[in-house]
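What follows is one structure encoded as structure tokens, with my remarks underneath.
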Number of protein chains: 2
Amino acid sequence: MSSNWVDIRDEIRRRVLERELLPGAKLPNDQELAEEFKCSRTTVQRAMLDLAQSGTVDRRRKGGTTITLHPITRTTFDIPITRLEIEAAGNDYSYFLVSREILVSPPRVASSFGLAEPTEMLRVTALHMANKQPYIFEDRWIAHETTPEILDVDLSRESANEWLIRNRPYSDCEVRFLAKRATRQEAELLASDVDEALFVMERTTWINGAPITMVRAIAKPGYQLVAKAN
Amino acid sequence: MSSNWVDIRDEIRRRVLERELLPGAKLPNDQELAEEFKCSRTTVQRAMLDLAQSGTVDRRRKGGTTITLHPITRTTFDIPITRLEIEAAGNDYSYFLVSREILVSPPRVASSFGLAEPTEMLRVTALHMANKQPYIFEDRWIAHETTPEILDVDLSRESANEWLIRNRPYSDCEVRFLAKRATRQEAELLASDVDEALFVMERTTWINGAPITMVRAIAKPGYQLVAKAN
DNA sequence: TAGTGGTCTAGACCACTCA
DNA sequence: GAGTGGTCTAGACCACTAG
């Protein structure tokens with residue numbers, strides 16, 4: 001007779017779907033819902049936490065709980081380590097280093113870190129392959145002032161990404177998705193036409209405000225990132 | 001002296017960051033953590049729920065709680081209604097319908113819905129503009145068998161997206177991000193070069209298994225989707 | 001089958017914010 | 001100032017699963 005929190009969540013979702021609750025509609029308060037569903041307020045709270053996290057309802061102290069006025073599509077993507085993504089698909093992973101040099105970072109890199117001045121950084125480019133076919137081209141800038149040990153790592157054997165994950169945790173991360181035209185180098189490495197449209201995942205990470213790395217993962221033509229939403 | 005759940009979460013995060021806890025490390029069980037943090041097990045549970053949802057730890061009954069073995073970047077994107085996105089940036093929104101016709105859906109559309117057979121659908125294309133500049137070109141297929149009322153809507157006045165959101169809730173949604181080269185039509189409408197790389201957000205929605213709509217939101221050149229992760 | 005996390009209860013106090 | 005959601009407690013039982 002009494003409900004668990006999943007039942008309550010699903011019932012509220014059903015009411016939204018059946019248009020018994022329209023965007024902006026106010027729900028009864030937690031105490032009243034607890035009586036309706038014959039459960040404790042804690043259980044209602046648990047259901048509402050889930051609905052709020054998925055963007056279905058807005059909750060405000062004193063203001064109460066309302067159905068989200070402007071529905072959005074909330075999507076969660078897990079961006080895995082490239083090697084694991086390839087291996088999870090049952091393919092053979094290989095990797096090779098394309099270049100490694102110390103350069104002054106161009107403005108787009110410095111500004112992505114929030115740095116006013118261009119800084120010397122370690123720039124590494126590498127190719128990740130699935131079954132010997134190009135999969136992702138990685139264009140990475142590493143703030144070796146923050147992580148000097150990276151200068152001693154043999155990046156032809158291990159990808160900078162995996163070394164950093166094991167040795168240099170981050171506190172903040174920003175992700176950007178975008179499209180870019182293949183340069184001649186990218187086209188050659190990814191076996192695509194010049195001017196092909198390529199999907200790019202860009203990540204910048206910091207540790208307590210200090211820049212760690214900024215990486216562009218440039219995917220082979222046709223790559224898609226897929227997720228279920230809501 | 002006793003901790004709240006945010007303190008506990010942050011302390012576990014700190015231990016991961018400081019490498020006191022390495023990937024794969026096993027945490028004490030909830031009861032022991034409750035004693036360590038001088039709080040009830042419920043409070044530990046709340047902290048662990050958050051850490052598990054963010055992908056920091058894995059929790060399994062009997063298996064206990066471990067630091068995630070292979071760190072991933074988990075990112076949440078909110079895809080808003082285009083009009084609201086433009087208005088939120090302080091820009092003037094305008095919209096116009098480019099085409100509206102009933103067509104048999106091509107295979108890529110039918111298969112995106114999981115339909116074996118190509119089906120007649122309403123196909124609508126439209127342009128969303130910010131300050132009179134092209135912003136997003138929308139290429140949409142609507143299963144009018146599921147939502148026949150859409151045939152009577154004046155789509156030159158209101159975008160199909162906003163009408164659908166108000167009148168046709170969905171139960172399932174799949175999102176795909178990809179890059180594509182601009183066709184001549186897209187280049188003209190978005191004021192870009194032919195062959196420019198464009199960022200595409202594709203969404204397919206269903207209501208209890210029945211297809212509703214599949215939309216490609218093709219963004220103007222230079223568009224980026226940005227999010228904070230973890 | 002025993003250990004661990006997941007959930008529920010009933011009650012309390014707190015923190016925010018709307019009117 | 002008062003109403004509402006957020007959190008905490010102490011204890012109980014349940015559900016899953018590793019060994």
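The figures that follow rest on heavy atoms only: side chains count, while hydrogens, waters and symmetry mates do not.
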Requested in this report: Just call it for Arg60(B): base, sugar-phosphate, or nothing, with non-hydrogen atoms closer than 4.0 Å on any strand.
Outcome: sugar-phosphate

Task: Residues Arg176(B) and Thr204(B): side-chain donor-acceptor under 3.5 angstrom - done: yes

With Leu27(A) as partner, the option from Leu51(A), Thr66(A), Leu21(A) fulfilling side-chain contact (heavy atoms from CB on, under 4.5 Å) is Leu21(A)

Any Thr42(A) side-chain N or O less than 4.0 Å from OP1/OP2 of dT7(C): no

Determine, for Arg59(A) against Asp30(A), whether the closest basic-nitrogen to carboxylate-oxygen distance falls under 4.0 angstrom. yes

Exactly one candidate in Tyr135(A), Tyr95(A), Phe137(A), Phe96(A) meets ring pair (Phe, Tyr, Trp, His ring centres under 6.0 Å) with His128(A); the answer is Tyr95(A)

### Query
When we call it a touch if two heavy atoms are under 4.0 Å apart, what does Gln45(A) touch: a base, just sugar-phosphate, or nothing?
base

### Query
Would the Phe177(A) and Phe199(A) ring centres measure less than 6.0 Å apart?
yes

Taking pairs as Watson-Crick (N1-N3 plus N6-O4 or O6-N4) or G-U wobble (N1-O2 and O6-N3), each distance under 3.5 Å, the stems of three or more consecutive pairs with DNA chain D are C:1-18 with D:1-18

Separation of dT1(C) atom C1' from Lys62(B) atom NZ, nearest Å, is 8 Å

Here the distance between atom C1' of dC16(D) and atom CG of Asp30(B), to the nearest Å, is 15 Å

Output yes when at least one side-chain N/O atom of Arg59(A) is less than 4.0 Å from OP1 or OP2 of dG6(D), else no. yes

Side chain of Ser171(B), backbone of Trp206(B): donor and acceptor closer than 3.5 Å? yes

Separation of dT4(C) atom C1' from Leu27(B) atom CG, nearest Å, is 13 Å

Rounded to whole Å, the CZ-C1' distance (Arg41(B) to dA12(D)) equals 10 Å

Regarding the side chain of Ser40(B), the nearest nucleotide among dG6(D), dG6(C), dA10(D) is dA10(D)

Report task. Please check the phosphate of dA18(D) (OP1 and OP2 only) for any side-chain N or O of Arg61(B) closer than 4.0 Å. Result -> no

Arg46(B) CZ to dG5(D) P, in whole Å, measures 16 Å

Contact under 4.0 Å: Thr65(A) side-chain N or O vs dG5(D) OP1/OP2
yes

Between CG of Asn29(B) and P of dA18(D) the distance, given in whole Å, is 16 Å

Going by distance alone, is a donor N or O of one side chain under 3.5 Å from an acceptor N or O of the other, for Ser159(A) and Arg83(A)? no

Separation of dG6(D) atom P from Asp58(A) atom CG, nearest Å, is 11 Å

Taken to the nearest whole Å, CG/Asn4(B) to P/dA15(C) is 11 Å

